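So you know, we letter chains A, B, ... as the sequences are listed, proteins then strands, and number each from 1. Quantities reported herein were computed from a predicted structural model and do not represent experimental measurements.
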Protein chains: 2
Amino acid sequence: MNNAGPTGANSRYSLRKHPKQQRSVATVTAILDAAARILTESGYATASTNRIAERAGVSIGSLYEYFPGKEAIFGELRRREALKAYAELMARPRLENPRDGIRHIVGSRLRWMRRNPTLYAALESEVPRQAIAEVEADIVEDFMAASLAFLEAHQDLLRPSVELRFLAEFLMHAVSATANTYGLRRPERLDDPQLEQAMVEMVERYLLKDG
Amino acid sequence: MNNAGPTGANSRYSLRKHPKQQRSVATVTAILDAAARILTESGYATASTNRIAERAGVSIGSLYEYFPGKEAIFGELRRREALKAYAELMARPRLENPRDGIRHIVGSRLRWMRRNPTLYAALESEVPRQAIAEVEADIVEDFMAASLAFLEAHQDLLRPSVELRFLAEFLMHAVSATANTYGLRRPERLDDPQLEQAMVEMVERYLLKDG
DNA sequence: CTAGTATCCGTGCGATCGCTCAGTTTTCAT
DNA sequence: ATGAAAACTGAGCGATCGCACGGATACTAG
């Protein structure tokens, strides 16, 4: 999986310096937590660097010790949340039947969204795109690979269709976008089992041979 | 269809005053055009009121004559774009067969997105939600009604399913979200007929009885 | 213990932001 | 032609923003 890591090229949108001692690790996570809380509670517009630092219980100087700019904070936040989602998706025994696989993929996405709909909605929909574009590209790549691997593993049970790459991308985007939209505009519905069922059925009927 | 109109309750997010002469109508549209262009070219973060006014060839004072605040500009912009999309969706003879109907709904959404993917992506994903929440609620209501009417008209050909209201909402969100996501992350794909075909097939197979 | 490095601090600068207001110009009804 | 209403103007205010910087403090390796 993609991971810039400590040797990754430095960018306007990633960490300027990697914390080495435990207290600085704590500082960085405090900053990210504060950013997430402010973003959740009152939106990107109110999330100034000074306010984030204050809320994190850290001086503004420390913040700029580790982040090259405001946008990098949200880029890093996005990256860490994506890592959790990816881990959850992958924590699964291989070689299951396709129906269980589809249920797992859809369920995993919805579970992730349910954990903090407001935060993810805000990350997707208020943070300037350039701030998280790099991270997003990496994420999409990883999820695409997983999606493609899943389809290849069950190719014989799929309806004849266009290229698998297109299908993998379409599947990923449709599931992801629908989950996002419900998180954004109808967070209550996320807990409705009908929603999960509908998404699973839609994907199943589109992908799989009848019977 | 919902329309606050000249007598609508004034709000932080709608017009403060309605233009009566032709030049002021032109002023308002110039402001909205400028806002759209700046949003498209360089994002919400750079779309300051001063810059919008300057780009519109209008003084900052005139801007605040008609808009109670920055966010109202984008709320109004969203409303006008939605009206066009709604008109396009509705400009259709009634009583078609469900397959043509699905193709029209999906096609209409994609056509809209194709017209200016960057603008619509930015509107959906960078403008603070509160700025367009009211407008969005009205839009969703109108499209929901259209979606529900469509399903009711062809109820006999639908697979047995949950309540139609849930189905209408799900259909609308799935189609809309998928189109948005492609506009946001893969605008090139919007012109690929495979995408339209995939969306149509997915919806058809989910909604309709086999055969 | 000490030298060197990592971390933290917070004042405050320059820029920009959203927006007001007092005044001028244009249009319209009569 | 004239008065009122509508529209337009732009200097500039107070607040806030992102962020640099110079120096204090905590930690670690030797």
Atom-to-atom span, NZ of B:K20 to C1' of D:dA7 - whole angstrom:
12 Å
B:Y206 and A:Y206: aromatic ring centres closer than 6.0 Å?
no
Can you confirm whether or not the ring centre of A:F74 sits under 6.0 Å from the ring centre of A:Y13?
no
Verify the contact: side-chain N or O of A:S59 to OP1 or OP2 of C:dG10, cut-off strictly under 4.0 Å; return yes or no.
no
Take atom CD of B:Q22 and atom P of D:dC8, then tell me their distance rounded to the nearest Å.
11 Å
Which part of the nucleic acid does B:S24 contact within heavy-atom distance under 4.0 Å: base, sugar-phosphate only, or nothing?
sugar-phosphate
What does B:S62 touch in the nucleic acid at a heavy-atom separation under 4.0 angstrom: a base, only the sugar-phosphate, or nothing?
base
Please determine whether a side-chain nitrogen or oxygen atom of A:T27 lies at a distance below 4.0 Å from atom OP1 or OP2 of C:dT7.
no
Under the side chain to side chain donor-acceptor pair (under 3.5 Å) rule, what do A:R129 and B:T118 come out as? Steps first, then yes or no, please.
CA-CA 11 Å; A:R129 221 182 340 291; B:T118 322; over 6 Å; no
Checking contacts here: which listed nucleotide (D:dC8, C:dC19, D:dA20) is nearest the side-chain heavy atoms of B:E65?
D:dC8
Report which part of the nucleic acid A:Q21 touches: base, sugar-phosphate, or nothing (heavy-atom distance under 4.0 Å, all strands).
sugar-phosphate
Tell me: CZ of B:R16 to C1' of D:dA7, nearest whole Å?
14 Å
For B:N50 and for A:K70, find the nucleotide of DNA chain D with the closest heavy atom, then tell me which residue's nucleotide is more 5'.
B:N50
Mind calculating the distance between CZ (A:R12) and C1' (D:dG18) to the nearest angstrom?
11 Å
Are B:S176 and A:R185 linked by a side-chain donor-acceptor pair shorter than 3.5 Å?
no
Quickly work out the A:L63 CG to D:dC19 P distance and round it to whole Å.
9 Å
Minimum-distance nucleotide to B:Y64 side chain [options: C:dA6, C:dT20, D:dC19]
C:dT20
Roughly how many Å is it from CD1 in B:I31 to C1' in D:dT9, rounded to a whole number?
13 Å
Ignoring backbone atoms, establish whether A:Y66 has a side-chain N or O less than 4.0 Å from OP1 or OP2 of C:dT7.
yes
Any side-chain N or O of B:T49 below 4.0 angstrom from OP1/OP2 of C:dC19?
no
Ranking C:dC17, D:dA7, C:dT11 by distance to the side chain of B:R23, first place goes to D:dA7
Distance check needed: C:dC13 P versus A:I60 CD1, whole Å only.
16 Å
Could you verify whether a donor N or O on one side chain and an acceptor N or O on the other, from A:R115 and A:Y120, lie under 3.5 Å apart?
yes
In whole angstrom, give the distance that lies between atom CZ of B:R51 and atom C1' of C:dA15.
15 Å
Checking all strands, does A:F67 fall into the base, sugar-phosphate, or nothing category for heavy-atom contacts under 4.0 angstrom?
nothing
